[in-house]
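Inspection log for the structure reproduced underneath, given as structure tokens.
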Amino acid sequence: MATQLSKNFEHQSAESNWYNHWVDSGYFYSTPDNREPYTVVIPPPNVTGVLHMGHCLNNTIQDILIRRARLQGKNACWVPGTDHASIATEAKVVQMLREKGIAKSSLSREAFLKYAWEWKEKYGGIILQQLKKLGCSLDWNRVNFTMDPDYYEAVISVFVDLYNKGLIYRGKRMINWDPKAKTALSDEEVIFKDTQSKLYHLAYKVTDESGQATADTIVIATVRPETILGDTAVAVHPDDERFKHLHGKYVLVPLINRRIPIITDEYVSMDFGTGALKITPAHDMNDYQLGQKHKLEVVDIMNDDGTFSEEAQLFVGEDRFVVRKKIVPMLEEQGYLVKIEDYPNQVGYSERSDAVVEPRLSMQWWVKMQPLAEPALKVVMEDEIRFFPVKFKNLYRHWMENIKDWCISRQLWWGHRIPAWYDNHGNFFVAKNEAEAKLQAAHKLLLAKGEVITEASLQHAAQSLQLVQDEDCLDTWFSSWLWPFEVFKGYSNPGNDDVKYYYPTATLVTAPEIIFFWVARMIMAGLEYEKQIPFKDVYFTGIVRDEKGRKMSKSLGNSPDLLEMIDRYGSDAVRFGIMISSPAGNDLLFDVKEESTLKQGSFFVNKMWNALKLIKLWEERGIATAEAKSQESFSEINWPNFWFEARLQQGKKEINSLMDQFRLSEALKTVYSLIWDDYCSWYLEWIKPDFGTPINGHHFNSAIRFFEELMQLLHPFMPFVTEEIYHSLKERPTGDDLCIKVAAAENELDLLLPGNTPSGYLQQGELLKQAITAVRDVRNKQQLKPRDEIAIAIETSQPQVYQNIGSIFGKQVNAQISFGTSSKAGSAVVNIESDKFFIHTNQQVDSAVQKAELLKDLEYQQKFLESVSKKLSNERFVQNAKPEVVEFEKKKKADAEARIRTIEESLHSLQ
RNA sequence: GGGAGCAUAGCUCAGCUGGUUUAGAGCAUCUGCCUUACAAGCAGAGGGUCCUUGGUUCGAACCCGAGUGCUCCCACCA
């Protein structure tokens, strides 16, 4: 029965219909069973995020992997979820409040969090809805959020556990301080601006043994002369000859005459400034580290609002910039100032208040990384976890071998609050909740008082205690590092069926920029808490750039509106467009203006749609069911089917191997060309019936079966149009959907090719294609219209090769075919291998064109022969090269010689 | 400053263990076609100093050294 197909694939309605059908049929839901699991956990997008190109690439890749696993008969489980993203979300909420005229500082923590949760309820999860439009086959029964009650508890409990294991400690750290907003800033919130600064050269007096100033001085260079009041050393390079006589001596800080040591460190560069560096541990990141290394005193000369403190001795209560203005003339007056140079440098400004950021020491929480990093490095180096592409192994090793402790506290409210409580004696207690913290405090108190500790006395003492919880939150990554197992409640409910079945997960797909933030830490947490790696393979995607090579970002405004693109081109086309040029780990240029790959994608959809229309047209016109009369005619009739079968199996193997290596864009290119070139351009043309004749039944049935198999191959990449075509090809019983149709395993690929090997069919096919193309080329060059009839005489030593393809050949080039030597004056000639094709036509052949073509070919072959002969006459080549290589060169030589003979004969016949 | 990577057709990229490479694909270009699925198409064609340079080798796009240009990550230099 005839099916009415619309002119185009109507993606807008079809895509959402299919998606709903898949979800309603439960195809994306997974529960443990006896199949092999294939698990992927989504890198949780920010809860308030919206879909951008990065997500699109990342999630398309995951969907391709998951859908392929499903078609391989595995139990595919893709877990969705979102991240609370403390900094980003808090910033958005603060901005929203500011627009309403509410300052965060005017709100209590509770009131702020209420706004934040309202915001999350309103905007959270929009991105997950957008992923549905993209076709992502996520298990919607398993949505997780890093601040779900269970998850929150797991994070807190991991903190307490690591603290009890001695892996979490408190320590001072240099942070970016905003003196205007009086808050700490994360590195991401600091904007560096090019600034024209001045470099002040200051002379420090060197002291003698009694501590008195001598005439000797050492000159340092600084852009912040006001900070000299906090200096606790002067550093020089140990090999610097200019200062060797000063090693171990002391100098006096100008104006206040504090005695500080001269230290040596290779950190100091000899060729910058004066080669001598003042060290101010309290007010400079690097100085702080040097200070730690050399156990220097820390003198903090500033208050939290940027004014000078008592410690400074001078300018107490005055602003840092005022001090800078005042101190320079003072230094000059007293003879300390040697010179002032212009010096362009970068100065950090607060993203929020535009104040110049002040590096400042503060108490933070830390995770000791060394013990966690060692096993996590090992599993990657020994390929228990494989990285694609491998180049990231090096990067990973370098970082893991030089790992620094992880600062996990953030001066934010939105997130997991640090489970530490303080009493007013400077003690702190780490516990899962306030009650437990109080018990700890009570225990300590009773112990100190020497009182008897009983359950009752503890409870009693605890009741009267007042503790204050730490104000800070944990770094977002401190929750997301638990993601691969906690989405299955692996920590909160250890050893449950889900975590046993799904963990370790199969593949993690993520961006290389978070290899340290996230990937490395998940490996650590997985090994620490599940005693197993969290995933077997990590696929690093590229960075999406625009046509000018710029990273796509909101601030540049060069990120296209994805939902609009999906509306216009369809999800399949968008997926195609983004995948066709994105090899693993390589950046991918996405031409937003031209949208060329999107167009290519939608052209491809259209092409397949038209192939479907052709088959439907054949069906309408009736199918010839007559059996072949003989074995010969059976082979001849079925030759295109056998050829395509062979080609298809070859393609499948190639695609499987590419997919196994995560070479997804190449796999897609291979399917694309298999469908467009081999199936549409060659196969369908070869079986196309003559006008007015019905299609042969063997051809029709094979065409449908091949189309189904091609749709199955393409389905992971372009799920919607493939499902639609699959259903349009035939009536299907309920539940017969491409989305879950398990493909034959590679070792089951039945060739069923009678009387020949696949390579025989493939070779014959190549010959046929070559012959057709060559004759068409002659037609073009001789300006023969496709309708002009011609006759071709093939002169060949092995006519049996043409037995099954002769008639197709004749039809494709619109020619009468005969065999034998029948060169005629005025005919054109082409050479395929060592066969000659004489083309007879009623029209006058342009023999100059013919001759030129042949001579060009001849020249090429002669040069080729020359290079091969040269190689073969090189004794050392014959001696050293592998025998098979030499053999091959000999064959190349023989072939070239035969070919040259053929061309010469053809040329001769033209005379 | 430290580390990593890249450089092949106009553009985006393949080219795996050095020898089917006198280097492939897609897009773009050019020519001819409204041929009864598809002009969003069909048919055909042209297009390369494999960044430069030195070396290793019988043999280099591929391995090594140097140079040039670009990109990314980390630390952001008094």
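Just so we're on the same page: letters track the sequence lines, and every chain starts at 1.
- Judged as a salt bridge (Lys or Arg N to Asp or Glu O under 4.0 Å), the pairs with a partner in residues 671-685 of chain A (not counting sequence neighbours) are, in order, A:Arg647-A:Asp678, A:Asp678-A:Lys769, A:Glu685-A:Lys688.
- The salt bridge (Lys or Arg N to Asp or Glu O under 4.0 Å) check on A:Glu853 picks up A:Lys781, with sequence neighbours excluded.
- When the C1' atom is compared between B:U36 and B:A14, the two are found 39 Å apart, to the nearest whole Å.
- A:Lys892 comes within contact range of the sugar-phosphate backbone alone, with a heavy-atom separation under 4.0 Å but no base atom that close.
- Contact between the side-chain N/O atoms of A:Ser665 and the OP1/OP2 oxygens of B:A14 is not found at any separation under 4.0 Å.
- When the nucleotides B:A37, B:A43, B:A14 are ranked by their closest atom to the side chain of A:Arg663, B:A14 comes out on top.
- Using C1' as the reference atom, B:C51 and B:C62 are 15 Å apart when rounded to the nearest Å.
- Listed by chain and residue number, A:Trp399 satisfy the ring pair (Phe, Tyr, Trp, His ring centres under 6.0 Å) test with A:Phe516 (two or more places apart in sequence, or in another chain).
- Under the rule for a ring pair (Phe, Tyr, Trp, His ring centres under 6.0 Å), the partners of A:Phe707 that lie at least two apart in sequence or sit in another chain are A:Tyr679.
- Distance from the side chain of A:Phe516 is smallest for B:C73 among the nucleotides B:G19, B:C73, B:C38.
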- Message: Walk me through whether A:Leu202 and A:Val338 qualify under side chain to side chain contact (heavy atoms under 4.5 Å, CB included).
- Response: CA-CA 6 Å; A:Leu202 304 175; A:Val338 178; over 6 Å; no
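- Backbone-only contact: A:Arg621 has heavy atoms under 4.0 Å from sugar-phosphate atoms and none from a base.
- One side chain, A:Asn606 or A:Asn610, offers a donor N or O that lies under 3.5 Å from an acceptor on the other.
- When the C1' atom is compared between B:A28 and B:C11, the two are found 7 Å apart, to the nearest whole Å.
- Taking atom CZ on A:Phe392 and atom P on B:A4, their separation rounds to 14 Å, with Å as the unit.
- For A:Phe388 and A:Phe540, the ring centers sit 6.0 Å or farther from each other.
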Can you check nucleotides 25-29 of chain B for protein contacts, nitrogen or oxygen pairs under 3.5 Å, and list what you find?
from	atom 1	to	atom 2	distance (Å)
B:G26	O2'	A:Gln600	OE1	3.4
B:G26	O2'	A:Gln600	NE2	2.8

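- Side chains of A:Asp572 and A:His11: a donor-acceptor N/O pair is absent below 3.5 angstrom, by distance only.
- Here B:C13 presents its P atom at 15 Å from CE of A:Met579, a figure rounded to the nearest Å.
- By the side-chain contact (heavy atoms from CB on, under 4.5 Å) test, A:Gln770 is found to be paired with A:Ile832, A:Glu833, residues two or more places apart in sequence or in another chain being considered.
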Could you go through nucleotides 57-62 of chain B and list every protein N or O atom that sits under 3.5 Å from one of its N or O atoms, giving the distance for each pair?
from	atom 1	to	atom 2	distance (Å)
B:C58	O2'	A:Asn874	ND2	2.7

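- Using a 4.0 Å heavy-atom distance criterion, A:Gln812 is classed as making no nucleic acid contact.
- One P atom belongs to B:C76, the other to B:G1, and the distance between them is 16 Å to the nearest Å.
- Consecutive Watson-Crick or G-U pairs involving RNA chain B, each under 3.5 Å on both distances, make up stems of three or more pairs at B:1-7 with B:68-74, B:10-13 with B:24-27, B:29-33 with B:41-45, B:51-55 with B:63-67.
- One atom, CG of A:Leu614, and another, C1' of B:U35, lie 14 Å apart when rounded to the nearest Å.
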Detail all sub-3.5 Å separations between protein N/O atoms and N/O atoms belonging to nucleotides 46-51 of chain B.
from	atom 1	to	atom 2	distance (Å)
B:G46	OP1	A:Lys856	NZ	3.4

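- The closest side-chain donor-acceptor pair between A:Thr280 and A:Lys278 falls under 3.5 angstrom.
- Under the 4.0 Å criterion applied to side-chain N and carboxylate O atoms, A:Lys891 and A:Asp895 are assigned as salt-bridge partners.
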Can you check nucleotides 76-78 of chain B for protein contacts, nitrogen or oxygen pairs under 3.5 Å, and list what you find?
from	atom 1	to	atom 2	distance (Å)
B:C76	OP1	A:Asn286	OD1	3.3
B:A78	OP2	A:Tyr343	OH	2.0
B:A78	O2'	A:Ala221	O	3.3
B:A78	N6	A:Ser269	O	2.8
B:A78	N6	A:Phe272	O	2.7
B:A78	N1	A:Ser269	N	3.4

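- Legend: residues meeting ring pair (Phe, Tyr, Trp, His ring centres under 6.0 Å) with A:Phe809, ordered by chain and number and at least two apart, are A:Phe837.
- Between the side chains of A:Ser728 and A:Lys616, no donor N or O sits under 3.5 Å from an acceptor N or O.
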- Take A:Leu684 and A:Trp618 through the side chain to side chain contact (heavy atoms under 4.5 Å, CB included) test and state the conclusion after the steps. CA-CA 11 Å; A:Leu684 289 181; A:Trp618 287 342; 4.0 Å; yes
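- If you look at A:Phe717 and A:Phe576, their ring centroids are not closer than 6.0 Å.
- Following rounding to the nearest Å, A:Arg779 (CZ) and B:A45 (P) show an atom-to-atom distance of 15 Å.
- A donor-acceptor contact under 3.5 Å is formed by the side chain of A:Lys607 with the base of B:C38.
- Among the atoms of the strands shown, none is found under 4.0 Å from any heavy atom of A:Ser673.
- Applying the ring pair (Phe, Tyr, Trp, His ring centres under 6.0 Å) criterion to A:Trp609, with sequence neighbours excluded, gives A:Phe9.
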- Message: Let's go through A:Lys198 and A:Glu341 carefully: what are the C-alpha distance in whole Å and the side-chain angles of both, what is the deciding distance for side chain to side chain contact (heavy atoms under 4.5 Å, CB included) to 0.1 Å, and is it a yes or a no?
- Response: CA-CA 6 Å; A:Lys198 297 212 184 304; A:Glu341 281 177 343; over 6 Å; no
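- Between A:Lys688 and the phosphate of B:A37, there is a side-chain N or O to OP1/OP2 separation shorter than 4.0 Å.
- In the set B:U36, B:A37, B:G19, B:A37 carries the atom at the smallest distance from any side-chain atom of A:Asn610.
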